[in-house]
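Positions are given from 1 along the sequence.
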Amino acid sequence: MNALKIRRTAVAVAAAAVLPFTLAACSDSGDTKAAPTAAAGDQAKTATGTPSDGAAMTGDKPFGAACAGVPKEGAGSFDGMAKDPVATAASNNPALSTLVAAVKQAGLVDTLNNAKDITVFAPTNDAFAKIPKADLDKVLADKEQLTKILTYHVVGQKLTPKQLENGSFETLQKGMVTTSGSGEAYKVNDTSNVVCGNVRTANANVYIVDTVLMPK
């Protein structure tokens, strides 16, 4: 009997000693399985977040305070302008009526509409209003001078906002325009502010500006 008791006691002690190690091993095993799951979850979040972040930074949408004045629907809206060549698209935007009249006066409607992949810095009506009326009337009456001024606002390639950050570009008038800025704030020739930028038409990128550019 004494021998049997001693044997049972030894088995109990051995079991007690082994049990903590068994539990620890199970716990370690559980942690090992959980870790990859968490990592996979983090990777999934990263993968999901990356495209949305990228989409937010593509700069494909128009920007600027004056964009709020563009019609929400119809031919003069951003969607409507994107379907028409640039001179036609501008004619549907009420804020560009003076520019459109000048383009017609210079006989440049077909030239602009038939051009491929251009950028137009389009002065608003308020931009033209900064010019004294007598001077503006004189320019509008001089087709040669008017053509020089208007073609100075056109660059023979589609410019992205990124390219405007520190750029120098030859115009159709053969003069040069310089651009600077970042984000949603850009200047042309250090004098004219882009008030609604990255507007798409069928054949052009348009940057609406608050001051008429003059060839140097």
Side-chain angles (χ1 to χ4, degrees), residues 56-71 76-78 81-82 85-87 89-103 105-106 108 111-112 115-133 135-136 138-140 145-216:
M57 298 177 67
T58 55
D60 285 340
K61 295 182 178 180
F63 61 83
C67 291
V70 174
S77 67
F78 292 128
M81 291 178 72
V86 63
S91 70
N92 293 318
N93 188 322
L96 301 177
S97 59
T98 304
L99 172 63
V100 171
V103 168
Q105 183 74 14
L108 293 173
T111 299
L112 294 178
K116 293 183 179 180
D117 298 333
I118 59 175
T119 292
V120 177
F121 295 104
T124 62
N125 295 344
D126 290 341
F128 281 100
K130 292 180 181 180
I131 303 173
K133 187 177 186 305
D135 292 341
L136 180 58
K138 184 177 180 180
V139 169
L140 291 174
Q145 181 64 18
L146 181 60
T147 299
K148 287 181 179 179
I149 292 173
L150 293 177
T151 53
Y152 183 66
H153 289 74
V154 184
V155 173
Q157 60 178 305
K158 285 186 176 181
L159 300 177
T160 65
K162 185 69 177 176
Q163 289 175 285
L164 298 187
E165 290 182 0
N166 183 22
S168 180
F169 309 99
E170 184 176 271
T171 69
L172 296 192
Q173 181 267 341
K174 301 303 181 183
M176 301 295 293
V177 293
T178 59
T179 58
S180 59
S182 62
E184 296 187 356
Y186 296 91
K187 281 183 175 291
V188 185
N189 287 353
D190 293 324
T191 58
S192 189
N193 297 295
V194 174
V195 293
C196 183
N198 207 31
V199 178
R200 307 298 178 88
T201 73
N203 67 327
N205 286 352
V206 178
Y207 293 88
I208 299 174
V209 295
D210 67 356
T211 304
V212 176
L213 307 174
M214 292 296 179
K216 297 177 182 179

Quick check against the 3.5 Å criterion: does D210 have a side-chain atom that pairs as donor or acceptor with the backbone of D126? no
Is it the case that the side chain of S192 and the backbone of V209 share a donor-acceptor pair, with hydrogens and angles ignored and the cut-off at 3.5 Å? no
In residues 91-99, what donor-acceptor pairs under 3.5 Å come from side-chain atoms, sequence neighbours left out?
{"residue": "S91", "atom": "OG", "partner": "T88", "partner atom": "O", "Å": "2.5"}
{"residue": "N92", "atom": "ND2", "partner": "T88", "partner atom": "O", "Å": "3.3"}
{"residue": "N93", "atom": "OD1", "partner": "A95", "partner atom": "N", "Å": "3.0"}
{"residue": "S97", "atom": "OG", "partner": "N125", "partner atom": "OD1", "Å": "3.4"}
{"residue": "S97", "atom": "OG", "partner": "N125", "partner atom": "ND2", "Å": "3.0"}
{"residue": "T98", "atom": "OG1", "partner": "N125", "partner atom": "OD1", "Å": "3.2"}

Rounded at 0.5 Å granularity, tell me how far [atom1] in [X] sits from [atom2] in [Y].
X	Y	atom1	atom2	answer
N203	K116	CG	NZ	10.5 Å
Q157	L159	CD	CG	5.0 Å
K187	T179	NZ	OG1	12.5 Å
I208	N193	CD1	CG	13.5 Å
N198	E184	CG	CD	10.0 Å
D60	R200	CG	CZ	5.5 Å

If you look at every heavy atom in [X] and [Y], which pair is closest and at what distance?
X	Y	answer
G156	I118	CA-CG2, 4.2 Å
A102	L140	CB-CD2, 4.0 Å
P62	V199	CB-CG2, 4.3 Å
V212	I149	CG1-CG2, 4.1 Å
C67	G197	SG-N, 4.2 Å
Q173	K148	CG-O, 3.3 Å

Which pairs, with at least one residue in residues 153-183 and sequence neighbours excluded, count as a ring-ring contact (aromatic ring centres under 6.0 Å, His included)? none
Min side-chain heavy-atom separation D190-S180 under 4.5 Å: yes
Any non-hydrogen side-chain atom of N189 less than 4.5 Å from a side-chain atom of F121? no
Any chance NZ of K130 has more than 12 other-residue heavy atoms, nucleotides or ligands included, within less than 6.0 Å? yes
Might you work through the side-chain contact (heavy atoms from CB on, under 4.5 Å) test for V154 and T171, ending with a clear yes or no? CA-CA 5 Å; V154 184; T171 69; 5.9 Å; no
My understanding is that only one of V188, V155, V195, L164 makes a side chain to side chain contact (heavy atoms under 4.5 Å, CB included) with Y207; could you say which? L164
Any chance the rings of F63 and Y186 have centres within less than 6.0 Å? yes
